[in-house]
Amino acid sequence: MVIVNVKWGREKHSYEFEERILADIRLGELRKKCHDRTGVPMGGLTLIYGGATMKDDNAPLSCFGIKPNGQITMMGTKPSKDDVQVLTTHGDPEEYSLILKIQTSLQKAQALVAEHVPRYEQAVAKYIQSNPPPYYLAAMPPARKQLMDAHSLLSETLLQSLLVFDGVVCKQDFEVARATRREAVKETQKWLDAIDELNAKVKECDKVVSK
């Protein structure tokens with residue numbers, strides 16, 4: 001028998017798997033047990049072991065390096081009945097968890113944009129107005145290097161958000177979740193296009209000297 005310990009906030013749960021070994025227990029089985037006991041929707045239930053998120057429901061627990069009686073951390077929120085009824089199409093907790101996942105990722109992107117994009121816009125304008133002199137690619141000026149790093153940070157983070165949205169699979173009748181995902185993708189892509197346009201302007205005024 002295998003016992004898997006899972007900590008969720010202040011709660012600790014032990015799940016028993018009779019006549020099994022870690023190598024033939026799938027992650028999806030454990031997540032289903034966690035869902036059944038806690039009420040956290042599967043779509044918003046994440047398991048973490050050793051600081052790494054456990055992904056792929058078809059993977060055996062042994063591939064995550066779990067030791068017998070090792071403790072796994074569970075992340076996720078059990079929605080209230082009122083939230084589920086008000087915020088979803090038909091009162092389905094799974095749709096609620098998908099909406100929450102989309103909104104959380106979008107809020108992260110919004111915070112990043114609010115903090116960094118105005119600075120990036122100002123830095124781009126200042127760089128262009130300075131009429132930068134020619135430079136060798138191997139000796140990129142500090143101001144230009146800062147712009148390149150800022151664009152990389154913004155674009156990579158926004159692309160990660162788009163990947164999160166793309167990974168949210170909504171059932172056909174999850175109309176609210178589908179609409180939420182559609183608007184999140186539209187808004188994030190708009191930000192991505194804006195910073196790419198600024199980056200293009202910077203490249204237009206670059207005078208890179210080849211050896």
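Below, all heavy atoms of this structure are taken into account, side chains as well, without hydrogens, waters or symmetry copies.
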Just by distance, do the side chain of Ser105 and the backbone of Ile102 share a donor-acceptor pair under 3.5 Å? no
Residues in side-chain contact (heavy atoms from CB on, under 4.5 Å) contact with Lys201, at least two apart in sequence or another chain: Ile128, Glu197
To which residues is Leu87 joined in a hydrophobic cluster, defined by side-chain heavy-atom contacts under 4.5 Å among Ile, Leu, Val, Met, Phe, Trp and Tyr, whether direct or through other members? Val84, Val86, Tyr96, Leu100
Which residues, ordered by chain and number, are linked to Met42 in its hydrophobic cluster, where ILVMFWY side chains connect at heavy-atom gaps below 4.5 Å, directly or through other members? none
Which residue pairs pass the side-chain hydrogen bond (donor to acceptor under 3.5 Å, both in side chains) test with at least one member in residues 75-89, sequence neighbours excluded? Ser80-Asp83, Thr89-Glu95
What pairs with His13 under side-chain contact (heavy atoms from CB on, under 4.5 Å), at least two apart in sequence or on another chain? Trp8, Glu11, Tyr15, Arg37, Thr38
Hey, quick one: are Val2 and Met74 part of the same hydrophobic cluster, counting side-chain heavy atoms closer than 4.5 Å, chains of contacts allowed? yes
Shortest non-hydrogen contact from Pro93 toward Pro79: CB-CG, 4.5 Å
Is the backbone of Lys126 close enough, under 3.5 Å, to the side chain of Gln129 for a donor and an acceptor to pair up by distance? no
Residues forming a side-chain hydrogen bond (donor to acceptor under 3.5 Å, both in side chains) with His35, sequence neighbours excluded: none
Evaluate side chain to side chain contact (heavy atoms under 4.5 Å, CB included) for Gln71 paired with Tyr49, printing each intermediate quantity in order. CA-CA 7 Å; Gln71 181 171 282; Tyr49 184 76; 5.9 Å; no
Is any side-chain heavy atom of Ile72 less than 4.5 Å from a side-chain heavy atom of Asn5? no
Note: Leu45 and Cys34 closest approach over all heavy atoms is CD1-CB, 3.8 Å
Atom CD of Glu16 and atom CD1 of Ile3: how far apart are they, to the nearest 0.5 Å? 5.0 Å
Heavy-atom closest contact (Ala177 atom, Cys170 atom, distance): CB-SG, 3.8 Å
Would you check if Ser14 and Val4 make a side-chain contact, meaning some heavy-atom pair closer than 4.5 Å? no
Rounded to the nearest 0.5 Å, what separation is found between the CD1 atom of Ile66 and the CG atom of Leu61? 4.5 Å
Distance check, rounded to the nearest 0.5 Å: Ile48 atom CD1 versus Phe64 atom CZ? 12.0 Å
Main chain of Leu154, side chain of Thr157: is a donor-acceptor contact present, judged purely on distance under 3.5 Å? no
Going by the rule side-chain contact (heavy atoms from CB on, under 4.5 Å), which residues pair with Thr188 if we only count those two or more places apart in sequence or in a different chain? Leu106, Leu158, Ser161, Leu162, Phe165, Trp191
same_hphob_cluster(Ile195, Leu159) at 4.5 Å side-chain heavy-atom cutoff: yes
Sequence neighbours left out, what pairs pass salt bridge (Lys or Arg N to Asp or Glu O under 4.0 Å) with at least one residue falling in residues 139-157? Arg144-Asp206, Lys145-Asp149
Which pairs with one or both residues in residues 42-65 pass salt bridge (Lys or Arg N to Asp or Glu O under 4.0 Å), sequence neighbours excluded? Arg31-Asp57
So side-chain hydrogen bond (donor to acceptor under 3.5 Å, both in side chains) across residues 171-183, not counting sequence neighbours, yields none
My understanding is that only residues two or more places apart in sequence, or in another chain, count here; which of them pass side-chain contact (heavy atoms from CB on, under 4.5 Å) with Pro134? Lys207, Val209
Which value, rounded to the nearest 0.5 Å, describes the distance between Gln107 atom CD and Thr104 atom OG1? 5.5 Å
Show every donor-acceptor pair shorter than 3.5 Å between a side-chain atom in residues 110-125 and any protein atom, with sequence neighbours excluded, or say none if there are none.
unit_1: Gln110; atom_1: NE2; unit_2: Glu187; atom_2: OE2; d: 3.4
unit_1: Arg119; atom_1: NE; unit_2: Glu115; atom_2: O; d: 3.4

Going only through I, L, V, M, F, W and Y residues with side-chain contacts under 4.5 Å, is there a path from Tyr135 to Leu147? yes
Are Tyr127 and Met148 connected in the hydrophobic side-chain network, where two residues link if heavy atoms are under 4.5 Å apart? yes
Quick one: pull up CG in Leu27 and NZ in Lys32 and give me the separation to the nearest 0.5 Å. 14.0 Å
